[in-house]
Each structure stands twice: as structure tokens, then as C-alpha cells.
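Have a look at the structure below before the remarks.
Here the structure is a predicted model, which means the values were calculated and not measured. Naming convention: chains lettered A, B, ... in sequence-line order (proteins, then strands); numbering from 1 in each chain.
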Amino acid sequence: MVSDSITNAPIPSAPNSKDFSKKKRANRSAKLKQCKLDARREQWLSQVAVKSKGCKEEGNCAKKERDRSLENPRRRDEDNNDDGSIHHESDSESPSNSPTNSLLGGGGGSGGSDSGTNFIGSSSSGSSISGSSSGGCCSGSITEEEEEDDDWEAVADALAADDDNNKPEPEPENSYSQSPSESQLSMQSDSTPELTNGLGLDSANSMTETESARMVPRISGNNTQAWRPDDAYRPQSLPNLAKQRSFPATNRHFGHGGVPWSRNSVLGAPSSCPICYEDLDLTDSSFLPCSCGFHLCLFCHKRILEEDGRCPGCRKPYEHDQVESEASVQGGSLTFRLARSCSMIARS
Amino acid sequence: MATVNGYQGNTPVAAPAGTAASRQPVNAPKIVDSQSVLKRLQSELMALMMSGDCGISAFPEEDNIFFWKGTIQGIKDTVFEGTEYKLSLSFPNDYPFNPPTVKFETGCFHPNVDVCGNLCLDILKENWSSAYDVRTILLSIQSVLGEPNISSPLNSQAAQLWSNQEEYRKVVLKLYKPPSA
């Protein structure tokens, strides 16, 4: 179910739900109308450029209309995503689409989810299952973004034309996007990770929208990455996926390292090699040659391989655990090969 | 010694010096190696002095950090209670990749210590790990005093007597000569 949502959800969402939004949202302008409005906007822009005050009233009218047109493509995109995701995530509850859409108009409350939520939610759950699934998720959202690109460019042009209109826009955006998460909450049994992710992403998107309209490519980047670890708006409750992904060995170290070698804590071994007492750098501390979790620097490991060949922590031969460490710890395998090559150079 | 020979086969370049050094530490130390060994031994000395373990102590000889003198006190409620034994620790140049040579300077009536003071302890031979240090060595020896390995004794008389703890205690006290200075 989870992996399905990763691969499938973004792709069908775009064409399917375009029809959906047209049907369900008669009050909102369709794409055709939006094109007309865009055309009018350009006309207006050229008018403003050529003519002077005489056209001002007419221009203001067009401006208001354009504001509406600005909102429309964006909302429509999000409708697409929401429809697609909800439709997919709750296969058995396909009628839930209509309650979702009816909810969309409502507001109030805190938190919410928007276009990125599915992807982030699925990526987080996917990554916990297997690393490869996150790749599929990314590609999915990228194709999604590409579909959006046309609309986004239109929005971007419009936003760049008049920055004043930027500020109030996230407001309706937020209140509007809360409802999907509420519906998700009620519909999904495992909605908690989705919700927390959605919480974060909501403010992320509103931020990117207010920041600059020229950042269309960056928005797509944000959708795939969800949160940068140093992001000031990142909610505290959000699990730190980046850390888990990029430093698997470090986590393993703190998880396993302390238990069999309580002496390490006495000597402060996590910061220094227990063999040579030299400080461990980042590579060393993420280097875990043995499954017992005993840490040592690359130099000492190389030295031990040349002679004893057994882990100082558990006295098991390193050769034996080599395969396991290569399979489980990516960083470890990399540095291990390095150590091997070093030893070969030393011997020749 | 067999394992040491094994090392030699693996690393023809570095091992001969190391093999010789493991027995005679003063012999032709490599400059780079001795630097790291110095750092390790100095750190160990610091850790040992800061740890404040009761019943064990060790300190390098005056001008040779590769040669330490240590003392071990017999653990309470063992036949060695109230005794103190001097030891010598001689570190090889490839320490901690090879174990130090530990000898009893004080005569010790113990199944795993011979009359010359040589000590049979697996962690100082085939089960040596570079993660051991002076402190753990001394603590291990201290615990081995009270829990000897009877199956492979160096002092068979002591091994036979071990079952009779009262008699053993008498012999220990009779043979015990407090270390002078």
C-alpha cells in the first residue's frame, strides 16, 4: 500500500483530478478561462505600458480579475493533488472524494496539508521500509512538478508583476489546505506521520510562495526534500529523516557501540580512537568495521588487518564481518575499501 | 609466540622489528610508531591515575615509558587478601597491537604464575586485544588471583592445593614477602 502510493500517486493524480476539479468546482474558473484572463492581463500590462492614467480604472478591474486568476491555477493544482492522494490512499473509500472537496472550502484550525503532503508522507514511510523507495517517490513528484510547470510559470509571471498581491494570498491558501489533512485524519488510521509532515510542509509552501515567484524550480526542490534540517520553520515534532539517512553508521554507533564497550564511555572513546587515542574524524566515527559496534580509526583498523585481523572489541575476525558491514553500512563499506587499498599500498 | 610468527608472515616489512620489539622493547624502535605508542602510553597513564581504581597502580620507570612498574593488591575475601604484588610491564614498540610482557616481581604462589614470576593469562597472549590497556590488564590479573585457571597451571602444586582454601591461605602467607621499596 505504501509503496503503491509512492510510485503511483503522483502520476495519475494530474490528469484524473483535472477533470475532477472541473466537475466539482464550477465556481472556480477553468483552465480556458484562466488562459483568457492571462491574455487579458498581458493586454492590460501592455496597455499600462503604452497608455497612461486614462486606463487606470480599467486596469484596476483587470488587476482584480488577475488576482483571482492567480489563485486559481494554484488551487486547482492542489485540488488535483488532494484528490489524487486521497483517492489513492483510501482506495476502498472512493466516495470520500466528495466529502474532501466539500471540506475544502472550510477553514479554521491549525495545520494542514497541501500538494507536497503525499509525497513527503510516502517518502518518510517508504524510507523506513527501504532506501530505494525514496527514489521512486522523488521521481514521482518531479514528474508531477513538470506537469505543474506551465501553470506555475503563469503564476510566477503574475506574481513578479505585482508583489503587493503576494502577501495576502497565503492566508486563504492555508485555511483552504487545512481541510484535506482533516479529512485525511479522519479517514486514515495511520495518519499521524502524514499529518506532522503536512504541518511542516504547509508553512513551507506558503513561505516559498511569499518569498518569490521566481523560485519555481526551488519549489519543486522543496517538495521533494520537504525540510532542510536547518530550516527555521521546521516543526520540532518532525522526525529528522535527513539525519537518519545520511548518517546510518553514526546512529548504529551510538546504538550499539556503548553497550558492549562500556569502557569507551569512561575514556570518551566516541571522540577518540580507543587504540591510538587520536581524535576520530567524521570518517572514522562513521566507520564501523565490525557488527559488535567497536569503533576505531582507519589507521588502527588497517594495522590490525595486517596483523591480528580480529576486532579488538569482540575478537571476531574482521574478514568475517566484512560482508555484513558492507551490506548494512554504506559509509563503512566505502571507508573499508579505502583501508584495504591503503594496506595494499603499504605492502607493495 | 606462535601468533607473533603469524604476524611476521602477513607483513614481511613491519613484522620483524615488531617481533623483536615485543620481547625487547628498547630494540630499534620505529620513529613513527614510537610516537603513537608514546601518545597511547601517556594517555593510559593519565587515565589510570584519574580512574582511582583501588588495589591497582602502575607508573613508568624513570626514563623509559615502555617499561612500567605496577602493584596489585589481593582482593578482599580471597586467599590473597592483604597481600601486595609488584609487577613489571614491558611494552613492545607495536603496542597496543601486541600485548605487553607482564611478570610478577614479587613471588606469588598461584596456579598461573611460575616460580620465575611469569604469568599465564590468555588476554596477554592469544586473546590479547588492542582495546586492552594497563588498567584492564592489572584488573584482570587482580581478578585472576582469586579465580585461577586450574586446567592449565604453571604451578601445579598451587593448582592442587587450590581446592583447600584454608591450607592455600597459609601457604600464601608463608611464602609472601612484602615487596621492599
Side-chain angles (χ1 to χ4, degrees), chain A residues 253 256-280 284 287-319 321 339-340 342-348, chain B residues 2-19 21-22 30 32-53 91-99 122-123 125-140:
Chain A
H253 161 48
H256 299 245
V259 180
W261 283 92
S262 53
R263 217 160 49 76
N264 287 0
S265 60
V266 178
L267 302 174
S271 62
S272 67
C273 172
I275 310 300
C276 65
Y277 286 66
E278 298 287 344
D279 290 341
L280 292 175
D284 289 327
F287 172 54
L288 198 65
C290 183
S291 57
C292 78
F294 185 82
H295 264 263
L296 73 172
C297 73
L298 288 167
F299 291 103
C300 290
H301 180 252
K302 174 213 160 208
R303 183 77 185 264
I304 287 170
L305 278 185
E306 284 174 354
E307 300 189 358
D308 191 30
R310 293 182 301 171
C311 169
C314 61
R315 295 205 196 87
K316 283 181 196 158
Y318 268 132
E319 241 67 33
D321 298 305
R340 291 272 292 193
C342 280
S343 68
M344 284 172 74
I345 290 165
R347 281 179 205 178
S348 60
Chain B
T3 45
V4 177
N5 285 335
Y7 303 154
Q8 196 173 358
N10 281 340
T11 54
V13 184
T19 326
S22 68
K30 280 188 190 172
V32 182
D33 271 354
S34 61
Q35 285 298 327
S36 64
V37 181
L38 273 179
K39 167 149 187 163
R40 157 100 188 199
L41 286 173
Q42 282 165 353
S43 303
E44 277 194 36
L45 180 60
M46 189 78 82
L48 185 69
M49 295 180 76
M50 300 298 279
S51 70
D53 292 293
F91 295 94
N93 281 330
D94 56 358
Y95 180 80
F97 299 102
N98 277 313
D122 61 342
I123 65 153
K125 302 226 161 56
E126 72 272 8
N127 280 337
W128 169 252
S129 159
S130 47
Y132 288 129
D133 54 17
V134 175
R135 185 178 154 270
T136 49
I137 289 168
L138 292 180
L139 286 172
S140 297

Look only at the side chain of B:R40 and the backbone of A:E278, and say whether a donor-acceptor pair between them is shorter than 3.5 Å. no
Do A:Y277 and B:E44 come close enough that some side-chain heavy atom pair is under 4.5 Å? yes
Would you check if the side chain of A:R315 reaches a backbone N or O of B:N127 as a donor-acceptor pair within less than 3.5 Å? yes
Please name the pair of heavy atoms, one in A:P312 and one in B:S129, separated by the smallest distance, quoted to 0.1 Å. O-OG, 2.5 Å
Can you tell me how far the OH atom of B:Y132 sits from the CD1 atom of A:I275, to the nearest 0.5 Å? 11.5 Å
Hey, could you give me the OG/CZ distance between B:S36 and A:R303, rounded to the nearest 0.5 Å? 7.0 Å
